[in-house]
Amino acid sequence: MKIYAVFGNPIAHSKSPFLHNYAYDKLHLDAKYTRYLLDSSDIKEIFFKLNLNGANVTVPFKEAAFNACDEVRGIAQKIGAVNTLVRENNHLIGYNTDAFGFYKNIENKNLKSALIIGAGGSAKAIAWILRQNNIRVIIVNRSKQNLIYFSKNGFECYLSNDLNNNLNIDLIINATSSSLKNELPLLDSTLKALFTRAKIAFDLMYGRKCAFLELAKKQNLACIDGKNMLIYQAAASAEIFFGINEIKFLSAMQEGINILGDI
Ligand code: NDP
């Protein structure tokens, strides 16, 4: 039997084991997916000690996972963060499926420009996948340190206090952790001005009350939360784990997703 896991801290809340195991059963895969509370960043040693075939990595270990890999493939090389690990000939290979998971939500929406609020790990994944798809990207963050990476890579960056409220942007993304506390990531007045000209508001958070999306809804914007990003990144990881087409895995997960309801 092949064994997979999700690493993180905290990890008890993770829905990944349920979703993966549900699909493994449906697809009759001889595999099991579990969770592992990591208390150090010694990911490579633990991965091999647990005799895993593959793993997902969540907050706060995605950068540590990137550094632990013998080889990093695809867009993860640019992002500098890995959320999917596999074993190949006793080497640890890393990928990033968050970028794909995000992009699947908006790929047919004909968007020309996006504002990413936040400059952490998920903002990096989103910025690169948007750029790869020829969407203009602007990053805004409350503090300077995390913006350095983005300006070094040629992204247009602003501190929250310096952002021009009159920007004409199609997609406004909250990639901060503000929604964990149900706070807005920018001033109410700034968001209202941005939403006036936008088409879609996207918050990476899911399964909770979200001040950012509530404000956007009041201004009649289409709203997307992070639920499908989680589901799509899981399907993309499974494609890497088993070589199963991501759409086939999604349909195997579907009933499980319905059982979970508003995760
Ligand atoms: P990081 O910790 O790497 O970055 C957090 C960012 O949020 C930083 O830019 C930080 O600013 C900013 N920030 C934190 N609190 C506030 C606040 N109150 N107001 C304004 N800015 C704030 O986090 P991640 O990028 O890994 O994750 C961000 C969010 O996205 C999390 O809630 C996470 O759960 C969610 N997520 C969802 C996924 C999904 O599949 N749906 C996948 C990945 C992430 P500063 O630099 O100044 O500290």
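All values below were derived from every heavy atom in this structure, side-chain atoms included, with hydrogens, water molecules and symmetry-related copies excluded. Along the sequence shown, residues carry numbers from 1. Keep in mind that this is a model prediction, so the values were computed, not measured. Order of listing sets the numbers, starting from 1, for every ligand and every atom in it.
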Check against side-chain contact (heavy atoms from CB on, under 4.5 Å), M229 and L204: CA-CA 8 Å; M229 177 172 170; L204 266 51; 3.9 Å; yes
Please test N83 against D98 for side-chain hydrogen bond (donor to acceptor under 3.5 Å, both in side chains), starting from the C-alpha separation and ending with a verdict. CA-CA 7 Å; N83 78 321; D98 285 334; 3.2 Å; yes
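In terms of protein heavy atoms, atom 1 (P) of ligand 1 is closest to G120 CA, 4.0 Å. Annotation: atom 35 (C) of ligand 1 to nearest protein heavy atom, L204 CB, 3.8 Å. Closest protein heavy atom to atom 44 (C) of ligand 1: S122 CB, 3.9 Å. Counting only heavy atoms of the protein, atom 15 (N) of ligand 1 lies nearest to R142 NH1, 3.5 Å. V59 CG2, 5.0 Å is the protein heavy atom nearest to atom 33 (C) of ligand 1. Summary of contacts: the protein heavy atom closest to atom 3 (O) of ligand 1 is G121 N, 3.0 Å. Closest to atom 47 (O) of ligand 1 among all protein heavy atoms lies S143 OG, 2.5 Å. Looking from atom 2 (O) of ligand 1 to the surrounding protein, the closest heavy atom is S177 OG, 4.3 Å.
Within ligand 1, counting atoms from 1 as listed, the ones closer than 4.0 Å to a heavy atom of E183 are 18 (N). For ligand 1, the atoms sitting less than 4.0 Å from at least one non-hydrogen atom of A175 are 28 (C), numbered in the order shown with element in parentheses. Listed by atom number, the atoms of ligand 1 under 4.0 Å from Y206 heavy atoms are 41 (N). Short contacts between ligand 1 and A119, defined as distances under 4.0 Å to a heavy atom of the residue, involve ligand atoms 9 (O). Residue G118 approaches ligand 1 through these ligand atoms, each under 4.0 Å from one of its heavy atoms: 9 (O). Counting atoms of ligand 1 from 1 in the listed order, those under 4.0 Å from a heavy atom of L230 are 40 (O).
Using a 4.5 Å cut-off on side-chain heavy atoms (C-beta onward), I43 and L85 make contact. Between N96 and F66 there is no side-chain heavy-atom pair separated by less than 4.5 Å. Residues K32 and N21 form a side-chain contact, since some pair of their non-hydrogen atoms from C-beta on lies under 4.5 Å apart. Looking at K2 and F241, their side chains never come closer than 4.5 Å, going by heavy atoms from C-beta outward.
Transitive grouping of hydrophobic side chains (ILVMFWY, heavy atoms separated by less than 4.5 Å) keeps L194 and F155 in distinct clusters. Linking ILVMFWY side-chain heavy atoms closer than 4.5 Å, directly or via other members, places I117 and F102 in two distinct hydrophobic clusters.
Distances from ligand 1 to the non-hydrogen atoms of Q233 include no value under 4.0 Å. Using a 4.0 angstrom heavy-atom cutoff, P185 counts as in contact with ligand 1.
Of the possible donor and acceptor atoms, none in the side chain of D203 sits under 3.5 Å from a partner among the backbone N and O of D225.
The side chain of K62, and not its backbone, has at least one atom closer than 4.0 Å to an atom of ligand 1 (non-hydrogen atoms only; side chain from C-beta on). Contacts of T176 with ligand 1, taken as heavy-atom pairs under 4.0 Å, involve both backbone and side chain.
Close N/O approach between N146 and ligand 1 is found [any backbone or side-chain N/O within under 3.5 Å]. Geometrically, ligand 1 and M229 share no nitrogen or oxygen pair separated by less than 3.5 Å. Ligand 1 has no N or O atom lying under 3.5 Å from any N or O atom of K227, backbone or side chain.
Using a cutoff of 4.0 Å between basic side-chain nitrogens and carboxylate oxygens, K109 and D170 are not scored as salt-bridged. E107 has a carboxylate O that lies under 4.0 Å from a charged side-chain N of K104, or vice versa, which qualifies the two as a salt bridge.
At a distance under 4.0 Å, a protein heavy atom can be found next to atom 37 (C) of ligand 1.
With a 6.0 Å cutoff to the six-membered ring centre and a 45° limit on the axis angle, R87 does not count as a cation-pi contact of F47. Remark: K124 qualifies as a cation-pi partner of Y149 under the 6.0 Å distance and 45° angle criteria applied to the six-membered ring.
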